Structure formats: structure tokens, C-alpha cells
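Start at 1 with the first residue, then count along the sequence. Predicted model only: the values in this text are computed from it and were never measured.
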Amino acid sequence: MARVQLENVRKVYENGVEAVRRATFNVDDGEFVVFVGPSGCGKTTLLRMIAGLEEVTEGTLTIGERVVNDVPPMDRDVAMVFQNYALYPHMSVYDNMAFGLKRRKQPKDEINRRVRDAAAILGIEGILDRKPKELSGGQRQRVAVGRAIVRQPQVFLFDEPLSNLDAKLRVQTRTEISKLHRHLRATMIYVTHDQVEAMTMGDRIVVLEDGEIQQVDTPLNLYNHPVNRFVASFIGSPAMNLFEGALEPNGAGLSFRAAADAFTVPLPDALAAPLIAGASVTLGIRPEAIRVADGPDAAASRWQLDVVEPMGSEVVLYVHNGPHHAVARVEPQALPEPGESVDLALDVRRLYVFDRTSGAALNLPAAPSVPVGLAAPGPGSA
């Protein structure tokens with residue numbers, strides 16, 4: 001396996017569109033890194049540059065100890081799993097998996113060993129004689145992954161490989177890919193627009209927007225310590241609630257007053273310390289840091305219920321207060337009907353404040369929110 005290093009890598013097309021802007025980061029040997037972001041953010045372009053399917057306009061791309069900017073795709077020793085599987089319909093599963101090795105004129109016994117070893121790893125030994133049309137979507141995906149495994153490349157590249165699968169199969173297959181990574185201890189780079197896939201699969205995640213890297217970090221550090229408003233809103237499901245407003249004096253401290261005077265939230269001293277009264281800001285809070293108020297609370301305000309979604313272990317509330325809309329995840333309990341009002345309290349220890357203009361994080365919560373069942377992370381790294 002190998003380390004992948006990008007230094008100031010850019011991609012500019014002939015029409016002047018800059019698809020990737022000076023990307024700089026490393027993928028360590030044996031690491032599973034996920035590129036995530038909305039459509040058009042440059043994540044697939046970045047992956048295709050690593051594969052050699054797109055030229056690097058500027059910067060340096062290194063795989064292992066070799067700069068590969070001008071190295072053809074077939075000589076980079078990488079294997080790519082595509083979104084559409086790209087299986088040959090007239091070939092059996094065995095022949096699809098063996099095709100690349102045959103082109104490289106590997107010995108027959110070596111081809112047979114590698115194909116059957118990969119089939120055993122993926123649990124597809126019983127379908128080696130079938131044609132792709134006889135397979136389910138999940139089986140086709142495993143064949144595509146198997147074709148990559150037999151290559152024994154330095155780096156595995158995955159381009160949204162689960163997007164054609166139904167929801168249940170996506171969950172199953174992403175688990176299989178994670179197990180495969182642990183089994184092979186391989187360097188893997190995975191592209192997805194689904195932040196749940198990114199959070200559950202990656203050792204680290206590269207978050208992109210408009211061709212620019214916003215943050216590179218572990219899943220939990222991205223969740224708990226977003227460096228800006230975009231990362232905060234993109235990572236997490238349901239997404240972080242964001243409210244526009246301003247900071248105002250509150251005795252010796254500060255409060256956040258939402259636009260249209262919809263509600264006011266007093267900020268703890270530790271949270272307010274780096275902030276300035278009068279600043280226009282965006283206040284952020286995760287849905288699970290909002291609760292139904294059970295008594296007087298300075299951080300509570302009245303909201304109108306729009307939708308109530310019972311989920312068994314929790315209830316998801318969609319609410320609004322003047323121009324502000326929010327989502328809350330609360331414990332199962334008796335609630336008013338949609339259209340009625342409910343008092344909601346924000347956990348002031350778990351608030352985020354972002355600069356209204358730049359979107360940069362102005363503080364981090366004193367007690368960062370941690371999803372249930374997950375341990376708190378160490379310090380983040382941007």
C-alpha cells in the first residue's frame with residue numbers, strides 16, 4: 001500500500017472553470033479517507049486526478065514515493081470502483097474479475113488464486129459462473145470491488161459506489177466495505193455526497209465546497225468542532241439549526257438576539273469571552289441539543305409545531321418561530337398537536353457562533369455535543 005500526497009493541486013478546465021482550488025492534504029498508508037460535499041464541489045474531479053483520468057493543471061500529486069502528475073492511469077498502480085460498476089455484460093463474474101490480470105499477462109494459476117481469494121473475502125464464491133444480468137445490485141457491486149481487489153493495487157479509489165443501491169442495501173454494503181478495509185489494511189479513498197456514509201466509514205473526511213477544501217478531520221471532530229458554517233450545516237443529520245441575529249450586552253455578559261426579535265438566548269461566560277457586543281452572527285445548535293422545556297428557563301422560547309415525527313427511541317420536531325425554522329430531536333413524550341405551540345430550551349453549553357459574513361467559527365462549545373454511543377474525540381485538526 002502507499003501514501004497519497006497532494007500539494008496545491010488545481011484543476012482548471014479550458015473554459016476557465018476552476019473545479020479544484022489548491023488542494024493540499026495527505027492520505028496515510030492504510031488510511032480510509034472520504035471526500036464529501038454537495039454536487040459540483042469537486043470531489044469526483046479530485047478522485048479522477050488521483051486515478052489519472054483528469055490532468056492536474058497545477059500542483060504536485062504523489063503516490064508512494066513517486067510524483068505521478070504525468071504518469072498514465074494504468075501505470076499508477078491504483079484500482080477504481082465506479083458508480084455504474086462497469087462490468088462486461090457478456091462475461092461471467094470470474095472473467096470480469098480476472099480481466100485486468102489477463103491483460104497484464106499474469107500466470108493462469110496466479111489469476112485463479114487471486115480471483116478465488118477475492119471472492120472468498122467478499123462472499124461471492126457461489127456466483128463466479130453467473131453473468132452480471134443474473135446478479136442483484138449488491139452482488140454486482142461486490143464483483144466490481146472484487147475486480148479491484150485482485151489487482152492488489154497501492155490505492156483503492158471508490159466513486160460513489162453505493163448510489164445505485166436501495167437504502168437497506170446501502171447500509172449493508174458500506175459495512176462490508178468498512179470490513180474489507182480492516183481486512184486488507186489498504187489505502188482507500190472514497191467519494192460520496194452522503195454525509196452519513198462519510199461519517200460511518202472514514203478514518204478522516206475531506207469536506208469540499210465549490211472546489212475548495214473546507215476541513216480535513218476525523219468524523220467526530222468535524223461534528224463537534226466545525227471550522228465554519230458550511231461544515232457545521234453539512235455534517236450531521238438532521239442538519240445543525242442556524243439562526244441569524246446579533247450579540248447584545250446582558251449585564252456583564254452577552255446574549256444572542258435572533259432576527260425579528262423572535263427569541264433571545266443568554267450566552268455562558270466561557271462562550272461569550274471571544275465575542276463582541278453588536279456583532280452580526282449566526283447561532284448554531286444541533287437538533288439533539290434542544291429539549292422541551294419543563295419549567296422556567298432563560299434559554300427557552302415558544303415555537304409553533306409544524307410536524308411531529310415519532311421515531312420510536314426519539315421524536316423529531318419541525319418548528320418555527322417568526323422567520324426562524326428549526327428541527328429538534330427530543331425524548332418520546334406527550335406533545336401538543338401540529339399547529340399548536342411548544343416551549344423549547346436550547347442547551348447553552350452546546351451553542352456555536354459563526355461570523356455572519358465569512359462563516360468562520362467564532363467559538364467552540366464548552367461541552368461539545370457527542371452522538372449517543374460514541375466517545376468524545378481528542379482535539380481537532382483543520
CZ-CD distance between F234 and Q214, expressed to the nearest 0.5 angstrom: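 Separation between the atoms: 11.0 Å.
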With the threshold set at 4.0 Å, does a side-chain nitrogen-carboxylate oxygen contact exist between [X] and [Y]?
X: R3; Y: E31; value: no
X: E314; Y: R329; value: yes
X: R66; Y: D77; value: no
X: E110; Y: R113; value: yes

How close do [X] and [Y] get, counting heavy atoms only, and between which atoms?
X: I50; Y: L61; result: CA-CD2, 3.6 Å
X: R286; Y: L222; result: NH2-O, 4.3 Å
X: R140; Y: L135; result: NE-O, 3.4 Å

Check whether [X] and [Y] end up in the same hydrophobic cluster, where Ile, Leu, Val, Met, Phe, Trp and Tyr are linked by side-chain heavy atoms less than 4.5 Å apart.
X: F82; Y: M49; result: yes
X: V307; Y: V342; result: no
X: V191; Y: V196; result: no
X: L157; Y: F99; result: no
X: V327; Y: L305; result: no

[X] [atom1]: over 12 foreign heavy atoms closer than 6.0 Å:
X: M91; atom1: CE; value: yes
X: E340; atom1: CD; value: yes
X: Q333; atom1: CD; value: yes

Would you say [X]'s side chain and [Y]'s backbone share a donor-acceptor pair under 3.5 angstrom?
X: R142; Y: A119; result: no
X: T24; Y: N8; result: yes
X: R21; Y: D210; result: yes
X: T192; Y: A198; result: no
X: K43; Y: G37; result: yes
X: R10; Y: E18; result: no
X: H181; Y: G202; result: no
X: E134; Y: D129; result: no
X: R151; Y: R147; result: no
X: R116; Y: E125; result: no

Exactly one of [options] should register a side chain to side chain contact (heavy atoms under 4.5 Å, CB included) with [X]. Which one does?
X: V81; options: F156, Y190, F158; value: F158
X: V71; options: N69, V67, D75; value: D75
X: L6; options: N26, L46, T62, V27; value: L46

Sub-4.5 Å side-chain heavy-atom contact between M199 and V36: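 A side-chain contact is absent here, since even the closest heavy-atom pair is not under 4.5 Å.
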Flag for T45-E54: side-chain donor and acceptor within less than 3.5 Å: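 Note: E54 and T45 side chains miss the donor-acceptor criterion.
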Residues E244 and T282: side-chain donor-acceptor under 3.5 angstrom: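 Yes, a side-chain donor-acceptor pair sits under 3.5 Å.
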Candidate pair L317 and L344, rule side-chain contact (heavy atoms from CB on, under 4.5 Å), full reasoning: CA-CA 10 Å; L317 308 180; L344 297 178; 4.3 Å; yes
Worked check of ring-ring contact (aromatic ring centres under 6.0 Å, His included) between F243 and F256: CA-CA 10 Å; F243 310 114; F256 170 83; 7.3 Å; no
Full working for side chain to side chain donor-acceptor pair (under 3.5 Å) between Q83 and S163: CA-CA 7 Å; Q83 179 178 345; S163 59; 3.0 Å; yes
